[in-house]
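Following: one structure in structure tokens, then a few remarks.
Heavy-atom basis, side chains included; hydrogens, waters and symmetry copies ignored.
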Amino acid sequence: MSAPRPVVRGNPYPGLRPFLEHEEHLFFGRERQVDAMADKLRQTHFLAVVGTSGSGKSSLVNCGLRPALHRGLIADAGSAWRVAQFRPGNAPIRALAQALAARGVLYDALPSGPFSATEMVEATLRMSSLGLLDAYEQAQLGSGVNLLVVADQFEELFRYQSLAAGERRATQHFAEESTAFVNLLLAVAEQRPPGVYVVLTMRSDFLGDCAQFAGLPEAINQGQYLVPRMNRDERRRAIEGPALMHGARIAPVLLTRLVNDVGDLPDQLSLLQHALNRTWARWADEVGEGADKGGGEIELRHYEAVGSMAQALDQHAEEAYARLGSEARQRIGEKVFKALTDCGTDARGVRRPTRLATLCELADAAADEVGAVVEVFRAPECCFLMPPAGEALAADTVIDISHESLMRVWRRLRDWADEEARSAASLRRLAQTAALHAERTAELLRDPELQMALNWRARQRPNPTWAAQYGVPFDAAMQFLEASEAARTGEQEAERRALRRRQFATLAAFIAIAGAAGYFFDSERRIHASKAELERALAQAQQDRLEAQRQTQLAQANLRRAEEKEREALQARRKAEELQLTVDALMARSAPAPVAVAAKPPPTPSPAPAVAAAPPAPSATGAAPAQAVPAPPPAPVAAAPHRLTEDELGRIMPALPAASRSAWTETLNRAMAEFDITTARRQAAFLAQIAHETGQLRYLEEVWGPTDQQARYEPPSSLATSLGNVQAGDGERYRGRGLIWITGRANYQRFGQAVGADLVANPELAATPAIAARTGAWFWKVRGLNELADREDIAAITRRISGGVNGLAERQKLYERASAVLGG
């Protein structure tokens with residue numbers, strides 16, 4: 001590497017934010033990729049820089065492409081460039097107009113008049129789809145002067161749709177605004193006019209959303225540049241280069257540790273930059289003035305002191321949270337981050353940009369209180385929230401998490417997000433029960449469900465704004481809960497009144513008896529003894545008769561109640577016996593065949609498409625429609641299989657209740673033996689994957705909202721057709737169930753045929769342990785996952801199950817724990 005330049009004050013590592021254009025001298029490791037980007041931009045005038053979260057898309061444009069253009073890398077265009085860079089946000093055309101109207105872009109001096117430059121440019125943009133080209137021509141920048149429009153974080157066009165989802169008029173306006181904005185950019189891709197170029201950066205997981213705009217997928221296909229992974233040497237230069245430019249040096253041991261810690265996952269780059277930023281700050285605090293004089297060496301102890309890549313971001317976020325000070329501000333911070341994080345519609349967790357005014361309503365706090373919390377987390381040394389520090393906050397300002405890595409690494413935020421998802425599920429269940437009660441198909445809530453709902457309301461303190469985030473009718477749900485509480489209060493009051501009446505009657509009877517005794521005693525002194533005795537006998541007889549009548553009525557009532565309870569118990573026992581007969585029949589079919597050595601193994605059926613899986617309470621995604629696949633015959637067994645013990649299962653899945661471990665152990669052993677999951681290595685991989693998919697065997701059925709995604713499971717949507725859902729209600733009836741979730745009528749039919757169970761007629765069987773274990777093990781077998789488990793290729797197994805590598809780190813940890821327990 002070349003000799004370092006003169007020392008520059010400050011921290012050379014940006015942290016979670018991207019590199020800025022003036023930080024080109026600190027940007028290393030991407031040099032060979034800039035030429036390919038420039039060539040594609042020259043050919044198409046429309047470049048889409050696409051990559052995963054944290055892969056460095058914005059930094060690559062800011063410090064790679066833009067400086068290269070100013071150096072004349074596109075020879076036909078020259079080196080004179082005006083750059084309008086912006087983020088679409090919730091008003092994309094206004095954001096584009098502001099970027100174009102900035103001094104030095106379209107105009108060197110802002111025009112005077114009754115209208116601002118932004119208003120004039122925006123009016124031009126809204127005139128037609130050629131508005132961007134017209135604005136460029138009207139500016140008369142001169143020959144050889146090019147305009148580069150950079151739409152950074154283009155996926156905001158899709159993420160910010162949620163801000164307009166509450167009102168039909170707002171939703172329609174945002175859709176029209178987004179379409180007009182996209183057409184402005186597509187005009188450049190279609191006409192390729194001299195001097196005008198468009199670059200956008202976008203997360204790769206939003207590529208499918210581009211299909212909602214006509215022409216956009218085609219333009220992206222022609223101009224797409226997928227950001228490649230950095231090799232080991234490039235990562236080393238990206239780590240070491242900025243420190244050398246500031247006259248410091250990273251110790252060889254630390255450099256090797258950092259390169260190894262990054263690994264091959266692209267989204268680790270953001271965590272790397274944050275850890276380097278914190279490590280530099282720790283080292284600078286220690287050496288004092290020496291940091292600005294290039295003295296000293298950054299050592300491994302400085303890196304470990306800030307928590308390394310694994311803990312640096314979590315520790316930093318906790319420090320920011322502690323700076324909030326009072327419990328009241330920390331509660332506001334919790335409400336803010338719960339609102340900005342959504343785990344209910346995507347198991348990976350997605351950002352949910354929210355206006356400041358909405359955050360104030362959710363937190364039940366004033367704007368200055370919420371603003372003070374936001375300022376702590378968007379300070380330059382944190383950069384956890386957007387917009388960045390220095391930009392004024394207004395009621396309409398959209399607050400957003402700066403990077404998804406914060407949601408994955410900050411443990412407190414993960415706990416908040418899980419709690420928020422559970423609370424939203426409670427609200428949906430309450431709203432569903434309220435709707436059924438309105439249709440006269442459900443009763444009011446009674447204890448203990450009523451008390452649980454009241455406890456949830458007291459703890460979470462929900463409000464209409466919060467419920468609107470999940471599309472749930474808040475007023476109807478709360479009125480139903482209040483009616484249930486009022487009914488319980490009325491019943492309790494009636495019981496108290498009845499008790500008081502019984503007590504009063506007892507007292508009156510005692511007084512009457514006492515008076516009668518006194519009367520008869522007095523009469524005995526005044527009249528004949530025989531007459532007094534007769535009267536007492538008559539009174540006692542009357543009292544006995546009344547008591548006998550009361551006892552008879554009470555006995556009759558008890559007899560009726562006993563007969564009713566006996567009928568209910570008989571019905572329940574018959575239903576349980578019928579279900580047990582069904583399960584016993586299925587278990588008899590699934591019993592392993594006698595061990596035999598086959599001369600030639602039977603052919604393995606074609607692998608079935610992966611069935612999407614999700615953790616507890618998320619919305620499930622469906623698998624593609626499948627053909628009927630016969631169940632494979634049991635594979636010949638060469639040696640006695642390893643049998644899982646109850647103790648081993650408990651150590652692998654400590655969250656599984658002890659009372660359930662014995663039954664699950666036997667069920668899993670039968671299923672694994674049937675489908676050749678017989679070695680410790682295969683069983684470790686199988687148990688690790690199903691533990692991640694089911695929350696350690698605690699959740700076998702998808703919670704039904706329905707969410708917006710779940711609503712698409714219902715016909716006549718294209719997704720419902722692909723899942724074989726042809727009847728109304730099929731989406732809910734054939735929701736995700738099992739160890740590796742089955743979704744859709746077609747998949748229920750296919751998996752049912754494979755294990756010999758009519759899952760189409762009885763879909764709830766898919767969530768029973770016996771059937772869930774067999775369908776999961778069958779899927780494992782026919783998808784060839786035993787062979788991948790033999791090679792310990794956990795990443796490939798994850799992709800075949802989930803279609804990607806979501807949750808790979810957690811799955812790897814579960815696999816390592818299972819291997820240690822099983823000795824695989």
Side-chain angles (χ1 to χ4, degrees), residues 347 579 582-583 586-587 589-590 607-626 628-629 631-632 649 653 656 660 663-672 674-675 677 683 685-704 710 713 723-725 730-783 785 797-798 800-803 806-807 811 814:
L579 181 59
T582 302
V583 174
L586 293 177
M587 292 300 295
R589 297 180 192 173
S590 68
V611 178
S619 63
T621 56
V629 179
L649 180 60
M653 304 183 193
L656 179 65
S660 303
W664 267 114
T665 300
E666 184 60 29
T667 299
L668 290 172
N669 275 324
R670 287 198 299 268
M672 291 190 293
E674 180 181 1
F675 294 101
I677 308 173
Q683 289 180 355
F686 178 71
L687 294 172
Q689 292 291 336
I690 66 174
H692 178 83
E693 297 293 332
T694 64
Q696 301 191 18
L697 299 179
R698 293 177 296 166
Y699 309 101
L700 300 184
E701 181 171 345
E702 175 185 5
V703 176
W704 189 260
Q710 288 173 334
Y713 294 169
L723 293 173
N725 292 341
D730 275 1
E732 180 177 7
R733 180 174 175 81
Y734 301 109
R735 70 183 76 173
R737 295 183 177 93
L739 299 186
I740 299 175
W741 284 14
I742 310 171
T743 305
R745 178 189 284 268
N747 284 314
Y748 271 74
Q749 182 178 11
R750 176 163 60 93
F751 279 71
Q753 290 174 348
V755 300
D758 190 358
L759 298 184
V760 174
N762 303 281
E764 65 277 359
L765 289 177
T768 61
I771 301 303
R774 293 193 67 220
T775 57
W778 173 79
F779 174 83
W780 186 276
K781 171 78 173 178
V782 300
R783 290 291 283 162
L785 301 185
I797 292 174
T798 300
R800 289 196 184 179
I801 290 177
S802 67
N806 61 299
R811 298 172 197 258
L814 286 167

Is there a donor-acceptor pair closer than 3.5 Å between any side-chain N or O of R737 and the backbone N or O of A766? no
Between Y734 and V760, is there a donor-acceptor pair closer than 3.5 Å when you use the side chain of the first and the backbone of the second? yes
Spatial distance of atom CZ (R698) from atom CG (L700) [nearest 0.5 Å]: 11.5 Å
For the residue pair L785 and I801, establish whether any side-chain heavy-atom pair is separated by less than 4.5 Å. yes
Tell me if a side-chain donor or acceptor on R811 pairs with a main-chain N or O of A685 at a distance below 3.5 Å. no
Considering non-hydrogen atoms only, spot the tightest contact between A671 and A777 and give its length. O-CB, 3.7 Å
Using side chain to side chain donor-acceptor pair (under 3.5 Å) as the criterion, list what pairs up with Q683, not counting sequence neighbours. H642
Determine the minimum heavy-atom distance between N725 and R745, stating which atoms define it. OD1-N, 2.9 Å
Might you point out which heavy atoms bring L656 and S660 nearest each other, and give the distance in Å? CD1-CB, 4.1 Å
Starting at CZ of R783, measure out to CH2 of W778 and round the result to the nearest 0.5 Å. 10.0 Å
Can you list everything that forms a side chain to side chain donor-acceptor pair (under 3.5 Å) with Q696? Sequence neighbours excluded, please. none
Between CD1 of I677 and CG of L668, what distance do you get to the nearest 0.5 Å? 9.0 Å
For N669, check side chain to side chain donor-acceptor pair (under 3.5 Å) against everything at least two apart and list the hits. none
For the atom pair CD1 (I742) and CD (E701), what is the distance rounded to the nearest 0.5 Å? 11.5 Å
Go through E666 and R670 one step at a time and tell me if the salt bridge (charged side-chain N to carboxylate O under 4.0 Å, His left out) criterion holds. CA-CA 6 Å; E666 184 60 29; R670 287 198 299 268; 3.5 Å; yes
Which pair of heavy atoms, one from I771 and one from L759, lies closest together, and at what distance? CG2-CD2, 4.0 Å
Find the distance between CZ (R733) and CG (D730) and round it off to the nearest 0.5 Å. 8.0 Å
Output all residues satisfying side-chain contact (heavy atoms from CB on, under 4.5 Å) with E764, sequence neighbours left out; order by chain, then residue number. N762
Is a side-chain donor or acceptor of Y748 paired with a backbone partner of R735 at a separation under 3.5 angstrom? yes
If the condition is side-chain contact (heavy atoms from CB on, under 4.5 Å), which residues does A688 pass it with, not counting sequence neighbours? L814, Y815
Taking the side chain as everything from C-beta on, heavy atoms only, tell me whether I690 gets closer than 4.5 Å to M653. yes
So, for A772 and G738, which heavy atoms are closest and what is the spacing to 0.1 Å? CB-CA, 3.9 Å
Closest non-hydrogen atoms of L739 and A773, given as atom of the first, atom of the second and distance, are CD1-CA, 3.6 Å
Quick check: does any side chain N or O of E732 sit under 3.5 Å from a backbone N or O of Q710, one acting as donor and the other as acceptor? no
Could you give the distance from CZ (F751) to OG1 (T775), rounded to the nearest 0.5 Å? 6.5 Å
Look at the aromatic rings of W780 and F686 and report parallel, tilted or perpendicular, splitting at 30° and 60°. perpendicular
